[in-house]
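The sequence lines fix the lettering, A, B, ..., with proteins before strands; numbering per chain opens at 1.
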Amino acid sequence: MSELTHGFRIIPEDCTGCMSCMRACPTHAIRVKRGGATVIPELCIDCGSCLGVCATGAITATTITFAELDRFKYKVAVASPALFTQFGMKDTPAQVGQALLALGFDAVWKYAVDIELIDRAIRDYVQKWPGPFPLISNSCPVVVRLVQVIYPTMVGQLIRIEAPREIAGRELKRHYSQMMGLTPEDIAAIYIAPCQAKTISILHPAEGAGSHLDGAVSISQIYNDLLARMRKAPDGASAGKPEAGAGEWFISGSPEGEFPSLSREHYLPLQGLSDIIKVLNDVEKGKIRNVEFLECHACQGACIGGNLTVENLYIARSKYLRLVAARTDPSPEFLGEVDRRFAEEDFALRAPLKPRNTEGKDVDLRQRVERKKKASEYLKALPLLNCGLCGAPTCRSHADDAAMGRDDIRECVFLSPDRIDVLRDVYRRGGRHGG
Amino acid sequence: MPAELMRESYPIQGGDFDTAGEISGELKTILRDLGIEAGSLRRIVVVAFEAEMNVVMYARRGTLTFILTDDAVDLEIRDDGPGIPDLELAFQEGYSTASDEMRELGFGFGMGLPNMRKNSDDLRVETEVGKGTTVFARIRLDAHE
Ligand SMILES: Nc1ncnc2c1ncn2[C@@H]1O[C@H](COP(=O)(O)OP(=O)(O)OP(=O)(O)O)[C@@H](O)[C@H]1O
Ligand SMILES: [Mg+2]
């Protein structure tokens with residue numbers, strides 16, 4: 001199941017079995033058995049909630065190392081706009097760009113044009129969409145996976161337009177291969193990512209369509225190196241390197257999206273997974289009417305709050321507002337470039353988005369009904385306390401696990417009181433590795 | 001006659017807009033977990049929600065029953081409310097007797113019954129003024145699109 005590769009790894013030696021991740025997981029994808037956490041890949045949406053709560057650092061995000069990038073001839077950085085919010089109030093995006101060059105990139109792509117293009121393409125898409133509404137933004141990969149896993153009926157409402165970073169990857173390959181006389185394959189578009197969800201969408205695209213980006217490193221991974229280079233006077237390492245991409249670093253809108261041009265009444269910006277889940281539940285029931293477009297970001301503060309950023313969200317946001325305020329009106333060249341490319345390029349998503357939860361769908365409907373009935377029977381015997389001691393986050397998930405044959409219902413301490421002795425052994429002196 | 005695989009009934013508590021939609025929500029979760037194909041699931045949820053809302057708004061009390069067979073879901077939503085005096089009129093798009101308060105909440109567009117018809121493969125309404133209303137809907141499980 002290669003399409004279910006995820007952005008995390010749990011390092012068994014570092015896991016204490018504390019269950020924080022299991023309790024934090026919004027899709028109930030984690031189980032903790034014999035003092036160690038495991039993930040059910042079909043249910044994981046790469047949101048990073050587990051990573052944020054792990055006290056021992058046993059859950060790590062998979063990114064590529066900076067050294068791995070050396071295999072490319074010509075490396076171009078595509079920095080998430082969130083990167084520029086991570087430094088001091090006086091540090092400019094241009095300085096950050098210089099530091100990226102000093103770090104070893106051959107060029108830095110300013111992708112304000114690509115963001116503007118996608119903004120236009122989405123407005124167009126919303127206007128021409130015949131229904132059903134609301135449409136749901138797809139630039140946050142966690143939101144896409146959440147809909148694919150939990151809201152299969154709404155997959156058709158995900159906007160089928162490429163993310164700005166992908167369009168940037170495509171365009172910069174065209175641009176630099178022409179400029180440098182190289183083949184597009186020699187050019188590597190490397191995304192500087194604010195979260196592991198985007199990283200994994202580049203390294204292992206779930207839709208099988210491939211990505212126009214060739215790799216991703218996280219902001220937190222290169223932060224210290226960048227900072228050191230920004231604090232140092234230019235040393236010539238970046239001299240002569242082109243700093244390309246038309247015009248501006250920042251344009252209207254927030255990092256990676258937001259559509260102030262859409263009418264407020266018909267457009268809802270949502271941030272944070274739990275709020276998104278609440279609203280999507282209402283949508284699925286038909287309770288939300290008159291809303292045409294939901295812009296959803298799994299992280300509070302959208303991408304500047306990504307789990308692989310460094311700066312505290314509120315500081316980053318104030319930096320962001322400052323950058324937006326300092327912005328000049330788009331130049332005629334900028335707008336000309338946007339017009340030209342908008343007429344020439346196709347922004348549609350290349351592969352179809354499909355529901356993704358295949359969990360337990362390996363048997364026919366009759367057998368699934370049998371399992372469901374068995375699970376309801378099991379549930380009646382459970383205390384509904386969601387204590388987690390069986391290793392599943394809720395009594396309901398334990399009943400489901402047992403009905404699917406994934407676990408034994410008697411793992412519940414209410415059904416098998418001696419299990420507490422087994423647990424006492426595993427968790428002796430406050431934690432599996434304690435004492 | 002295909003065999004019945006599952007049958008479940010839920011009481012609907014009327015007049016309570018806070019919990020309104022919970023039963024169709026529950027139904028959705030069950031059918032989603034059973035792996036019902038997304039297109040059919042969507043139609044089932046729309047029909048169940050609109051019917052549930054009509055009971056909440058006009059009848060105050062009723063029951064929703066769903067029956068799953070190999071190839072369809074049958075929904076039966078029964079209430080002992082005021083009944084519908086002119087069914088043809090009630091099925092017209094935009095016809096509604098909803099109160100201003102309900103309209104404030106985003107209901108009362110007169111789209112419920114038309115939507116239920118559009119989203120089911122077979123829809124029947126039995127109603128008697130002063131006695132109550134029962135909606136029967138069948139949604140087939142083979143792909144619709
Ligand atoms: N269960 C019922 N009992 C009594 N009257 C009903 C019932 N269901 C519908 N009606 C009547 O039929 C009318 C039309 O119903 P319909 O569901 O199509 O629209 P609505 O409920 O008024 O608005 P909407 O469904 O768009 O919120 C209602 O306004 C009401 O007068
Ligand atoms: Mg109605």
Side-chain angles (χ1 to χ4, degrees), chain A residues 27-28 42-43 131-134 147-158 265-266 277-278 280-291 352-376 379 394 396-397 399-401 403-404, chain B residues 2-8 17-54 56 67-73 103-109 111-112 115-116 118-119 141-142 144-145:
Chain A
T27 57
H28 295 164
E42 289 91 339
L43 296 179
F133 288 103
V147 173
Q148 288 178 303
V149 171
I150 311 280
Y151 303 98
T153 62
M154 287 195 272
V155 168
Q157 279 152 269
L158 286 165
E265 300 155 64
H266 303 304
I277 288 171
K278 262 187 224 151
L280 292 184
N281 282 343
D282 282 351
V283 169
E284 195 159 53
K285 280 183 229 151
K287 262 187 168 178
I288 294 203
R289 303 178 173 204
N290 298 325
V291 173
L353 291 167
K354 296 206 183 94
R356 204 174 72 124
N357 186 358
T358 53
E359 214 224 347
K361 307 298 185 302
D362 49 329
V363 296
D364 71 10
L365 183 60
R366 272 163 191 267
Q367 286 167 284
R368 298 198 298 258
V369 170
E370 281 317 306
R371 275 184 187 170
K372 186 86 197 162
K373 287 181 177 167
K374 213 164 164 193
S376 331
L379 193 60
T394 63
R396 189 182 277 267
S397 33
D400 289 343
D401 286 353
M404 286 185 63
Chain B
E4 194 177 302
L5 299 179
M6 193 172 183
R7 170 192 288 260
E8 216 72 62
F17 281 89
D18 217 31
T19 57
E22 262 180 15
I23 289 156
S24 11
E26 170 96 17
L27 186 62
K28 176 204 82 177
T29 311
I30 293 176
L31 295 175
R32 181 196 68 204
D33 290 351
L34 285 175
I36 300 297
E37 177 271 327
S40 311
L41 177 56
R42 179 183 186 95
R43 292 159 57 107
I44 296 163
V45 173
V46 170
V47 175
F49 178 75
E50 292 293 358
E52 180 186 357
M53 283 316 300
N54 281 354
V56 170
I67 300 146
L68 173 70
T69 63
D70 276 319
D71 52 16
V73 164
R103 285 168 211 259
E104 278 289 300
L105 292 167
F107 298 97
F109 285 88
M111 290 306 293
N115 268 339
M116 283 153 71
K118 212 163 60 199
N119 284 284
L141 295 181
D142 44 18
H144 289 93
E145 285 118 303

With rounding to the nearest 0.5 Å, note down the distance linking [atom1] in [X] to [atom2] in [Y].
X         : Y         : atom1 : atom2 : result
Gln367(A) : Leu34(B)  : CD    : CG    : 12.5 Å
Met6(B)   : Glu370(A) : CE    : CD    : 10.0 Å
Asn281(A) : Thr29(B)  : CG    : OG1   : 7.5 Å
Arg366(A) : Leu5(B)   : CZ    : CG    : 5.0 Å
Lys372(A) : Ile30(B)  : NZ    : CD1   : 6.0 Å
Ile150(A) : Arg32(B)  : CD1   : CZ    : 5.0 Å

Could you tell me which portion of [X] (side chain, backbone, both or neither) has an atom closer than 4.5 angstrom to a non-hydrogen atom of chain A?
X         : result
Asn115(B) : neither
Glu52(B)  : neither
Leu68(B)  : side chain

Partner residues of Lys373(A) under the salt bridge (Lys or Arg N to Asp or Glu O under 4.0 Å) criterion, sequence neighbours left out: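 In terms of salt bridge (Lys or Arg N to Asp or Glu O under 4.0 Å), with neighbours along the sequence ignored, Lys373(A) is linked to no residue.
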
In terms of heavy-atom pairs under 4.5 Å with chain A, which of Gly21(B), Ser24(B), Ala48(B) leads?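 Of Gly21(B), Ser24(B), Ala48(B), Gly21(B) has the most heavy-atom pairs under 4.5 Å with chain A.
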
Go through the structure and list residues passing side-chain hydrogen bond (donor to acceptor under 3.5 Å, both in side chains) with Asp282(A), not counting sequence neighbours.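 Asp282(A) satisfies side-chain hydrogen bond (donor to acceptor under 3.5 Å, both in side chains) with no other residue.
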
Tell me, with the steps shown, if Lys28(B) and Tyr151(A) meet side-chain contact (heavy atoms from CB on, under 4.5 Å). CA-CA 10 Å; Lys28(B) 176 204 82 177; Tyr151(A) 303 98; 4.0 Å; yes

Test side-chain contact (heavy atoms from CB on, under 4.5 Å) applied to Thr153(A) and Val45(B), step by step: CA-CA 9 Å; Thr153(A) 62; Val45(B) 173; 5.5 Å; no

For residues Ala38(B) and Pro355(A), report the shortest heavy-atom separation together with the two atoms involved.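 So the two residues come closest at CB-CG, 4.2 Å.
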
Do Pro132(A) and Arg42(B) make a side-chain contact, defined as non-hydrogen atoms from C-beta onward lying under 4.5 Å apart?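 Yes, close enough: below the 4.5 Å cut-off.
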
